[in-house]
Every structure is written in structure tokens, then in C-alpha cells.
There are 2 protein chains.
Amino acid sequence: MLEQRIDHKQSQRRVTISDMSAALGLTKSTVSRALNNYPDISDATRLRVTRMAEKMGYRPLSHAQAIRTGRTKSLGLVIQLSEHDAHRPFLAEFLAGVSLGASDEGYTLTVASSKSDADTQAIFRGMLQDRKADGFILQRTLRDDPRVRLLRSMDVPFVLFGRTADSEDCAWLDVAGEDAIADAVDHLVGLGHKRIGYIGGGLPYNYSALRRAGFEAAMTRQGLSMDPDIMRDGAMTRADGAAASADILSAKVPPTAIICAVDMAALGVYQTAERFGLTIGSDLSILSYDGIPEGAHATPPLSTYAVDFTACGRGLSRLLIRRISGEKPENLRELTTATFLDRGSTGVPVLQPDAVARRVAHQPIS
Amino acid sequence: MLEQRIDHKQSQRRVTISDMSAALGLTKSTVSRALNNYPDISDATRLRVTRMAEKMGYRPLSHAQAIRTGRTKSLGLVIQLSEHDAHRPFLAEFLAGVSLGASDEGYTLTVASSKSDADTQAIFRGMLQDRKADGFILQRTLRDDPRVRLLRSMDVPFVLFGRTADSEDCAWLDVAGEDAIADAVDHLVGLGHKRIGYIGGGLPYNYSALRRAGFEAAMTRQGLSMDPDIMRDGAMTRADGAAASADILSAKVPPTAIICAVDMAALGVYQTAERFGLTIGSDLSILSYDGIPEGAHATPPLSTYAVDFTACGRGLSRLLIRRISGEKPENLRELTTATFLDRGSTGVPVLQPDAVARRVAHQPIS
DNA sequence: ACCCTTGCCGAAACCGGTTTCGGAAATCAC
DNA sequence: GTGATTTCCGAAACCGGTTTCGGCAAGGGT
């Protein structure tokens with residue numbers, strides 16, 4: 001009667017290691033060591049134990065393990081509230097990927113959010129002390145990232161989404177944004193563009209440097225000159241992109257195409273282009289990077305190099321788990337590529353730079 | 001030497017309950033009961049213990065507590081991958097709110113994601129068995145929600161973001177969307193609109209019914225007739241909104257204003273309006289609900305009733321924690337309101353319905 | 001035949017807490 | 001002043017695992 005009520009309430013009692021040892025006629029300690037691959041357990045016994053575990057559906061309670069081992073089977077993710085607009089649109093997919101990758105391996109994902117850098121450090125410390133996470137995933141790494149310094153000094157496993165300046169002993173997963181941007185240059189040159197502007201991302205972010213480097217490398221390779229007048233950095237939001245492009249298009253010799261390091265900035269360019277009466281895809285070509293859904297619904301749809309953030313998240317979880325398991329960081333690196341979505345914001349140049357300049361000059365500055 | 005290395009590595013050893021009992025000259029059990037407000041501890045001792053805990057910075061290790069009490073001090077959030085576009089934009093803010101609310105009370109947030117309904121149920125079960133969560137936050141509740149049924153039957157604490165058809169013994173937090181939509185009607189009537197269309201959200205979602213009810217109530221109150229020809233339901237994405245509005249605007253007597261239950265759908269109406277050559281804010285007024293950032297950057301900016309999702313998330317965490325602590329669900333309900341953002345997609349009607357109809361008729365169906 | 005390994009498992013301590021139980025001292029009733 | 005309650009704390013078991021240690025039996029060497 002009572003048992004039934006209890007049984008009803010917590011649905012199903014967990015199988016404990018004692019249940020296992022009773023069923024097998026072994027001691028708890030033997031069962032535990034068998035499952036943890038201790039060398040002093042015979043293969044026969046180990047097999048018997050794993051079989052029984054399978055049969056009885058035994059899974060060690062991670063909390064119980066945690067108090068002895070210090071490891072919890074959970075990954076930590078700290079999202080910074082101040083994160084720029086540019087990173088927000090794909091948080092959902094990224095998060096989905098991370099959590100799927102974690103649960104695939106029997107890990108869970110613990111999420112915290114912080115308001116500032118100092119806050120982030122405190123959260124790391126707190127989560128570690130409380131053993132809420134065995135390691136961390138760091139997104140959007142900076143060139144010189146304080147988080148990396150902290151975790152490294154505490155000897156805590158972590159994995160970076162995005163390389164950093166000094167990735168020496170770090171595990172990371174990244175997308176070759178530099179290659180994508182270089183490809184963008186080639187694509188535009190193929191269409192006949194010779195004067196190409198560039199709007200880069202926030203300089204603290206490491207990817208900004210990489211993408212810009214990709215741009216410069218491709219431009220030189222193509223034998224095209226680069227003019228600081230039509231290159232800007234630090235554009236993360238729509239407003240940034242609008243401002244930067246207004247600047248660039250007002251140059252003495254404006255570009256016929258602009259490459260943006262970040263989709264969000266590219267959408268800002270749309271605003272400016274409209275203001276200047278420039279038709280995107282003909283008067284002005286735009287090529288960008290990220291693949292946010294919004295870009296598909298702009299007019300014309302934004303051509304961009306899209307990143308599969310779900311896949312990235314999944315990969316990061318896997319890498320981190322392997323790192324936690326003790327693998328060397330050197331073996332835990334993955335460089336993926338973005339896929340080009342040719343959606344319609346580029347075309348052969350119908351205007352020469354001087355014609356663009358005249359258009360711009362005739363528009364109200366508003 | 002060795003100690004130093006250890007100290008260096010795990011930064012700082014935790015203060016355990018044994019440290020406390022040693023420092024106080026009491027037994028572990030007394031310390032524990034003092035902190036857990038057992039009645040058989042004298043006030044004097046309790047005070048001494050709490051003071052010392054403060055001084056030494058003692059916090060019980062939740063994993064250790066978990067294996068005895070079954071409670072972990074963590075909240076569960078399962079995000080469904082299939083979730084519509086309409087819900088994605090504010091996941092970031094919502095998540096931030098939830099995690100902040102959790103950590104404010106010393107709880108952590110465990111996030112999992114699922115691909116299907118069945119998946120979700122399995123995840124609930126798994127997380128409960130593994131004691132990974134003491135309770136759950138359910139977002140975007142359906143009118144008849146299987147998650148509610150499951151958790152209720154398992155007697156697990158949970159809190160709803162959005163009321164559901166049968167919220168009897170549920171704790172919930174919601175935004176009075178029906179009031180907002182009703183206010184939208186009043187606002188448009190105040191501008192002189194008499195023929196107002198409505199594009200509702202996905203019918204399974206409970207809020208869709210509420211918002212529609214708000215629309216209908218306000219329309220009747222204003223003495224305006226409702227015409228099924230200019231009312232649609234189930235629009236969650238931009239595409240849905242575009243299709244629904246094309247339908248509505250092609251009616252015999254099209255509306256001069258449209259109210260959308262969801263911002264995303266409203267952005268679809270923008271596409272249709274452009275296609276039909278209707279200027280938003282004069283030829284056609286649009287009023288919507290949600291407050292996604294994208295709306296602010298549409299042309300013209302979308303007027304909408306914005307929800308503070310961070311605040312909602314925070315509130316939900318708080319409610320859930322109180323629920324876990326044993327409070328009755330009846331006392332755990334909060335109804336907040338959306339705030340009107342008058343951004344520019346409405347205006348006095350410059351066209352009569354028949355004029356709108358003529359415009360529409362002259363446009364290519366493309 | 002003897003000693004020394006080696007392989008393999010059980011016993012017991014331990015991790016950091018919670019909870020039950022029992023009993024000593026203090027308070028109360030009369 | 002005695003017995004019956006309370007009040008309050010310590011002792012010990014317990015939760016579900018991990019890990020150290022020790023020892024028995026089988027195998028190897030000579």
C-alpha cells in the first residue's frame with residue numbers, strides 16, 4: 001500500500017550499485033571498478049558486470065560520483081548578456097547543438113549568464129567550487145581572452161569556439177572565416193569588381209582579425225589595391241554597419257562592392273544603400289558572413305557564407321568531453337568551413353566607382 | 001610543497017561541514033540541522049552556526065545533498081528544436097532572465113534540447129531520474145499540453161510560461177496578451193480605423209486563443225463587426241504572415257489596419273504590403289505583439305506591444321523555486337503586461353477599404 | 001617442492017552531506 | 001523532592017558511489 005504510493009510518486013526507483021552487487025554476488029567495489037575499467041578486474045567479471053548493468057538499466061548517479069571524484073558529467077556555458085546583437089540570432093541553434101552533443105555522451109549542460117567580465121570570472125569560480133561543471137565552452141573568443149587566462153591558470157578543461165591569439169595548449173573548434181572572406185573576394189572579382197570595400201567586426205574578437213587577414217590576402221593575390229578609405233572595422237550591429245558603409249560610400253572613390261565580416265553589419269549597409277539610392281545587387285554588391293535567418297528575408301536576400309551553428313555546438317561539446325576525459329588539447333582541434341549562400345545581393349558592377357560617387361553626392365545626407 | 005601544488009591546482013579547497021563542526025565544537029549533524037532549520041536546535045546554537053557559516057564561507061555541496069534529499073538545486077529547461085521562428089528571437093533574453101533568477105537563489109540552470117514531443121518526455125524522465133533538475137520551466141504552453149500532463153502525473157514541480165486551458169493546480173507567469181491586443185484595437189479605432197483585420201498565432205498555443213479573444217472582445221465593445229474574410233489564424237512565421245495578409249487584403253472589403261498576434265507574422269505582412277504597393281503606416285496600419293528587435297529595423301519600424309522576456313524568465317525561476325520549496329501553486333501566479341511601442345507602422349487611414357481593394361486588384365499577383 | 005609474483009576480488013574507509021534515534025540535562029507539574 | 005516532560009545535542013546509520021589496501025589462490029621460476 002505504502003510502497004505502491006511511493007512507487008507511484010517517484011515513478012521508478014533507480015537501480016543502485018548495491019542492487020547490482022546483490023544481483024551479481026559481487027561487492028560494490030568490484031562492480032564499481034569493473035565499470036570504471038580498473039585493470040585489476042578480470043575480463044570475465046567485467047563482461048558479466050557490464051551485461052548486468054545493461055540488463056538492469058543501471059547508470060551511476062552522477063551526484064554520488066561527483067562528491068568523490070569531483071567530476072559531475074556536466075558542461076558549463078556562460079553567456080554574456082552584453083553580447084552584441086551580432087551574436088544573438090544564432091544562440092538558439094548553437095545552444096541546441098551544444099546540449100545535443102552533451103546529452104549524446106551522457107553529459108548535461110549547465111547554463112549561466114553574466115553581466116560583465118568580472119561577473120563571468122566569478123561565475124566560473126562559483127561553478128567550479130560547486131562542481132557544477134567539469135569544463136567550459138567559451139564562445140566568441142577574444143584575441144586576448146581573460147577567460148582563457150583564468151581557466152588555464154586554474155587548470156580547468158575548456159574548449160574555444162574560435163581560435164585565439166595564443167591557442168597553444170587550447171582545444172578549439174572554429175570556422176575558417178578567413179577562407180570564406182577570401183572566397184568572397186574571388187567571387188566578386190569574378191563578377192568584374194575591382195574596387196571592393198570591407199567592413200570588419202569588433203577588433204577584440206579574434207575572428208575579426210582573421211577575416212580581415214583573409215580579405216587582405218585575397219586582395220593581394222588578385223593584384224587589387226586596398227584603400228583605407230573604403231575599409232572599416234568594429235561593425236557589429238546594424239547601426240555600425242550603416243555608419244561604416246555611409247563612410248565608405250562617401251569616399252573619393254567608393255567601392256562597387258562591400259564585403260562584411262558580419263551579417264548584422266551587412267543589413268546596416270542595406271539601410272545606407274537605400275538612403276543613397278543604390279540598388280543592392282547591381283549598383284552595389286554585398287557579400288557577408290554568418291548566415292542569420294534575417295538575411296534571407298531582406299530585399300534582395302543577402303548573399304552570405306553561412307555557419308552551421310548547431311553543428312559547431314555539437315562539435316564543441318564532443319571536444320570538451322574528450323578534453324575532460326584527459327585527451328591532449330593538441331588532438332582536439334577542428335576547423336570547419338562556411339557554406340556560400342548565393343542569395344542575390346551581388347551582381348556584375350553596373351556602375352563605375354565615379355558613378356557611384358555621383359549618386360551618393362546627390363542624395364540628402366538626412 | 002605538495003600541498004602548495006594541490007592548493008594551486010584546485011585553487012581553493014571547499015569548506016566542508018566537517019570543517020564547520022570542528023571549528024564550532026559541534027557534530028556534523030548539529031550543524032546540518034541548524035542550517036536546515038530543524039526545530040530541535042536552540043536559537044543560540046543556530047545563530048552561532050549561521051554566523052560561522054557566513055564567516056567561513058560555507059556552502060553545502062549540492063551534489064552531496066542530492067544523494068540524500070533527492071534535490072539538486074537546479075532548474076530544468078527543455079527547449080524544443082522544432083520551435084517556430086516566432087519564438088526564437090527572444091530565446092537569448094529569456095534564457096538570461098531564467099538563469100539570473102536561478103542563480104540569485106543559489107540555483108543553477110540545466111538546459112536540454114529535444115527534437116520531438118516524445119523526445120521531450122524522455123528528457124524529462126531522464127533528468128528526473130538522474131536528479132538533474134528539481135523542477136521545470138515550460139515555455140510557450142499549448143492549450144492542452146502533454147508536458148503538463150506528464151509532470152503533473154509524476155508530481156514534479158513545474159511552472160508555466162503562459163497559462164494553459166486547465167491551469168488548476170499549476171503555477172504560472174504570463175503576459176496579458178489579450179489586454180494588449182484589445183488595446184491595439186482601441187488604438188486603431190482612435191486613429192479612425194473601422195475595418196480591422198486580424199492575423200492570429202498557431203492555434204495549439206494557448207496565447208493564440210487569448211489574444212484572439214482580446215481582439216474579439218474589443219471589437220464588440222467598440223461596436224465593430226468582425227468579418228471572417230479578414231481574420232486568419234496559425235501564422236507563426238514571416239511566410240505565414242505574408243500569405244495570410246495576402247488573403248485578407250484580397251477580400252472583397254479589405255481592412256485598413258491589421259493586428260498581428262506575433263511580430264514575425266507582422267513582418268510577413270510588410271512583404272505583402274510592398275508587393276501590393278501599400279504604404280505601411282498610411283495605406284495600411286499594422287500593430288503587433290512581441291517586441292522582437294527586428295521589428296525596430298523594419299521600414300517603417302513596427303509598432304508593437306513588447307514583452308520583457310528577461311523579466312519573465314527571472315520571474316519564472318523565482319516562482320519555480322518557491323514551488324519546489326513547497327508553496328502551493330495557487331499563490332504562485334503572476335500576470336504581467338506588455339508595453340506599447342509606438343514606432344511608426346500605424347496612422348490615420350488615408351484610404352477607404354474600397355480604395356485598398358482597387359490598389360490590390362491592380363497589382364501583379366507575382 | 002618451495003618461494004615469489006601476479007591476477008583478482010573483498011573489506012573497509014571515504015566523499016560531504018542528511019536523518020533517525022536515544023539520552024542527558026533542564027524545565028515543569030504537583 | 002520526585003516523576004514526567006521538554007529541550008537540545010551527540011552518535012551512528014545512511015545516501016550511492018569511489019578508492020585504497022590487503023590477502024587468497026593460481027601461476028611462474030628454479
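Within every chain, numbering begins at 1; the chains are lettered A, B, ... in the order of the sequence lines, protein sequences first and strands thereafter.
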*Answer yes or no: is there an ion pair linking A/D19 with A/K28, defined by an N-O contact shorter than 4.0 Å?*
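Judged by the 4.0 Å cut-off on N to carboxylate O distance, A/D19 and A/K28 do not form a salt bridge.
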_Could you check whether B/R147 pairs with B/D145 (Lys NZ or Arg NE/NH1/NH2 to Asp/Glu carboxylate O, under 4.0 Å)?_
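Salt bridge: yes.
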If I take atom [atom1] in residue [X] and atom [atom2] in nucleotide [N], what distance separates them, rounded to the nearest angstrom?
X: A/L24; N: C/dC9; atom1: CG; atom2: P; result: 11 Å
X: A/R48; N: C/dC8; atom1: CZ; atom2: C1'; result: 13 Å
X: B/M20; N: C/dG16; atom1: CE; atom2: C1'; result: 13 Å
X: B/R59; N: C/dG17; atom1: CZ; atom2: C1'; result: 15 Å
X: A/R131; N: D/dG17; atom1: CZ; atom2: P; result: 18 Å
X: B/L61; N: C/dG16; atom1: CG; atom2: P; result: 8 Å
X: A/I67; N: C/dC14; atom1: CD1; atom2: C1'; result: 9 Å

*Examine A/R140 relative to A/F161 and say whether NZ or CZ is less than 6.0 Å from the centre of the six-membered ring and inside a 45° cone about the ring axis.*
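Yes, A/R140 and A/F161 form such a contact.
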*Give a yes or no on whether the ring-centroid distance for A/F309 and A/F90 is below 6.0 angstrom.*
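Yes, close enough.
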Please list, for nucleotides 18-20 of chain C, all pairs of protein and nucleotide N/O atoms separated by less than 3.5 Å.
unit_1: C/dT18; atom_1: OP1; unit_2: B/N36; atom_2: ND2; d: 3.3
unit_1: C/dT18; atom_1: OP1; unit_2: B/Q65; atom_2: OE1; d: 2.8
unit_1: C/dT18; atom_1: OP2; unit_2: B/S32; atom_2: OG; d: 2.5
unit_1: C/dT18; atom_1: O2; unit_2: B/R68; atom_2: NH1; d: 3.1
unit_1: C/dT19; atom_1: OP2; unit_2: B/Y38; atom_2: OH; d: 2.7
unit_1: C/dT19; atom_1: O5'; unit_2: B/Y38; atom_2: OH; d: 3.4
unit_1: C/dT19; atom_1: O4'; unit_2: B/R68; atom_2: NH1; d: 3.4

*NA contact type, A/T45, heavy-atom cut-off 4.0 Å: base, sugar-phosphate, or nothing?*
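Sugar-phosphate only.
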*Would you say the side-chain atoms of B/S74 pair up with the backbone N or O of B/T110, donor to acceptor, closer than 3.5 Å?*
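Not confirmed, B/S74 side chain does not pair with B/T110 backbone.
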